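Working notes, beginning with the structure itself.
Naming: A, B, ... by sequence-line order, numbering from 1 per chain. Here the structure is a predicted model, which is why all the values come from computation and not from measurement.
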Protein chains: 2
Amino acid sequence: MPASIKEIAKMTGYSAQTVSRVLNNNGAGHRKSTCDEILKVAESMGYRPNALARAMVLGKFGSIGLLLSTNAGRSYLPSSLLTSIHDTLADQNLHLTIGRLPDEKLVDSDYMPKMLREWTCDGFLINYTDHAPKEMTDLIHRSRLPSIWINNKREDDCVHPDDFGGGKLAVEYLRTQGHTRIAYLHYRWGESLEDAHYSVVDRMEGYKAGMREAGLDPWILTKGHKIHQEARVETCKEWLVLPDRPTAVITYTSPEYIQIAGLELGMKWEEIPQVLSFSDRPVSIAGRPQTIVYLDQYLLGRAAVESLLEKTLNPEQKLAPKKIEYCVNIGPDKVFRLPPS
Amino acid sequence: MPASIKEIAKMTGYSAQTVSRVLNNNGAGHRKSTCDEILKVAESMGYRPNALARAMVLGKFGSIGLLLSTNAGRSYLPSSLLTSIHDTLADQNLHLTIGRLPDEKLVDSDYMPKMLREWTCDGFLINYTDHAPKEMTDLIHRSRLPSIWINNKREDDCVHPDDFGGGKLAVEYLRTQGHTRIAYLHYRWGESLEDAHYSVVDRMEGYKAGMREAGLDPWILTKGHKIHQEARVETCKEWLVLPDRPTAVITYTSPEYIQIAGLELGMKWEEIPQVLSFSDRPVSIAGRPQTIVYLDQYLLGRAAVESLLEKTLNPEQKLAPKKIEYCVNIGPDKVFRLPPS
DNA sequence: TTGAAAGCGATACCAT
DNA sequence: ATGGTATCGCTTTCAA
């Protein structure tokens, strides 16, 4: 137990109030000798203010809760996002507290995660990628705390990447490179996309829209069913040997299937179609930096925190969704993006 | 502001103590009608206990701080580690609070991160991969809170993977597969390894020890200088065309350089040496699952929390370092590990 | 079965 | 320039 103000008061003979003032207000309105003595004793006793007590008086927790799902894949939290959330909060002298909600248990009315059962923080950032179970939405609503959803498309109070725009952007970039035979590689055909993250649909729809605007026909490379990991390279090979194969390919993620397929067919790197995939960090394949449709998670995190802080000031208001734009990351520090419209 | 106990007391006419007891002790020693009424009113007012006030009375924060460096690469926090830390804490009804310390600023005596400046939690988990600056160690020490270091080799109070054992294990596994021409691929030669994470040295030394125990000569594939990303594939090609090339290769991470090199040389997958790399998650290359030397971050996180809780009970004691063992992950659910010695 | 009072550590307000 | 007192929301102890 570190020393409290009271103990310092006892040691120095001053009252608790004097000690508090000297320690907090930088000693304004106090004799220099008083300050010196109190500061010296505080230092020697290793005094550190108790954030709990301070928060209680102030009526705020000084802390924001980040809610994640325990369901792997339902909460996407790359370290760049965690970092940006933390740092934006730190600028406001706020803590970040982590909470994970087990989907299965939420249905059980006996169960209630600590963060929702107790009153622990001033607001929530909810990182719940897919469709949240109704029980969870209810619980959060009943907590009456301001909340912002991350990576989730809702009618209000959310921040998410503009995946539709990203798909369009990919096409526009490839057009500037002179490509016309631009295909979209879709491994998940046949799988129900209703439960999937909105980006699975949006990226492809954005691609289609981009193609149409460029006067080109959308061209989806796919099978009538989902293509599992192990089968992807072989499938890509089928596409690569087509006489009119695409010169460029856009894909949700993982550009390497088509590239490995090319290599296995004995193609040189220059002969393999250009692959544009989505990512939030630089992608290299065996030391070769790849051009990607890039999302800056830092922007996402910062926007989410800013929205939440705004809501803290006025909890009743509903905030319009915020979209974060992609850019095409061509090389070190070289970026292609659309002019703001 | 959610309702407080006092308000419920006022509403129901009972005293605050009665309300508190009914709400916390499950109503033990109270008339059923009293319980019912209080519970009903509490429910209708949306009562949730204020964790702050409770913590203050209890004299504990109910929260553990996870300290990270802002210096990318100095804190390795895969989501599996974050998850295991969180969940082990949650089992004990403890929060997890995140704090990031900017290395540069720590030298500045004016600067002090909130987590160390104020008294905010009951202990620290320090995820600081490389050698921490002395200022930081001092600050943490002065905070007088129990702390455990993660992923860091120190004389006491730390939990880290057994990378030396992992290197040996890799050799022993490959021996069971009949390999004798086993090389270690080292791209970082010539770089000062003093600042590097201990695992860079330990994995290689473990490999050497394993080879000697098997009666084989260690065989390090390297250049006289650091091999940069872009040059690795070409360098691997030089090694692959050696007449007495290895049949198996162990490498710190990223098995794909040698495999891509093989493909570019026109080799079939079966002709490419088996590559064993270290990882804490399954590795697939273009849909092909790779055999890896695998570390379960869940064990690491849990061990760290358990150590910290132990230290909380008795802050003076120094805990012996805990090593987490690797295993070789061969296929789905198939694992090779050494018998406990 | 219920209630009154004290206290956790810090701050705000009002005195002196 | 300094101190007294009340307060935040809750729990613990003791008394009725």
*Salt-bridged, Lys32(B) to Asp36(B), with N to O below 4.0 Å?*
yes
*Does Lys134(B) pair with Asp138(B) as a salt bridge, N-O distance under 4.0 Å?*
yes
Rounded interatomic separation in angstrom, taking [atom1] from [X] and [atom2] from [N]:
X	N	atom1	atom2	answer
Glu7(B)	dG9(D)	CD	P	7 Å
Leu23(B)	dG9(D)	CG	P	15 Å
Lys10(A)	dG3(D)	NZ	P	15 Å
Lys60(B)	dC10(D)	NZ	C1'	16 Å
Leu52(B)	dC10(D)	CG	C1'	11 Å
Tyr14(A)	dG4(D)	OH	C1'	18 Å
Phe61(B)	dC8(C)	CZ	P	15 Å
Glu37(B)	dT1(C)	CD	P	16 Å

*Of the options Leu101(A), Asn127(A), Ile126(A), which is the one that meets Leu68(A) in a side chain to side chain contact (heavy atoms under 4.5 Å, CB included)?*
Asn127(A)
Crowding at [atom1], [X] (>12 non-hydrogen neighbours, <6.0 Å):
X	atom1	value
Arg281(B)	CZ	no
Lys323(A)	NZ	no
Met112(A)	CE	yes
Lys10(A)	NZ	no

*Spell out protein contact along nucleotides 10-16 of chain C as letters: B when the base is contacted, S when just the sugar-phosphate is, - when no protein heavy atom is under 4.0 Å; keep the 5' to 3' order.*
BBB----
*Under 4.0 angstrom between Thr34(B) side-chain N/O and dT2(C) OP1 or OP2*: yes
*Check whether any side-chain N or O of Thr18(B) sits under 4.0 Å from OP1 or OP2 of dT1(C), and answer yes or no.*
no
*asked:* Test of understanding: with side chain to side chain contact (heavy atoms under 4.5 Å, CB included), list the residues that count as partners of Ser63(A), not counting sequence neighbours.
replied: Phe61(A), His95(A), Thr97(A), Cys121(A)
_So if I take the C1' atoms of five pairs at each end of the helix from dT1(C)-dA16(D) to dT16(C)-dA1(D) and get each local axis, what angle do the two axes make, rounded to 10 degrees?_
50°
*Kindly say whether the aromatic ring centers of Tyr76(B) and His197(B) come within a distance under 6.0 Å.*
no
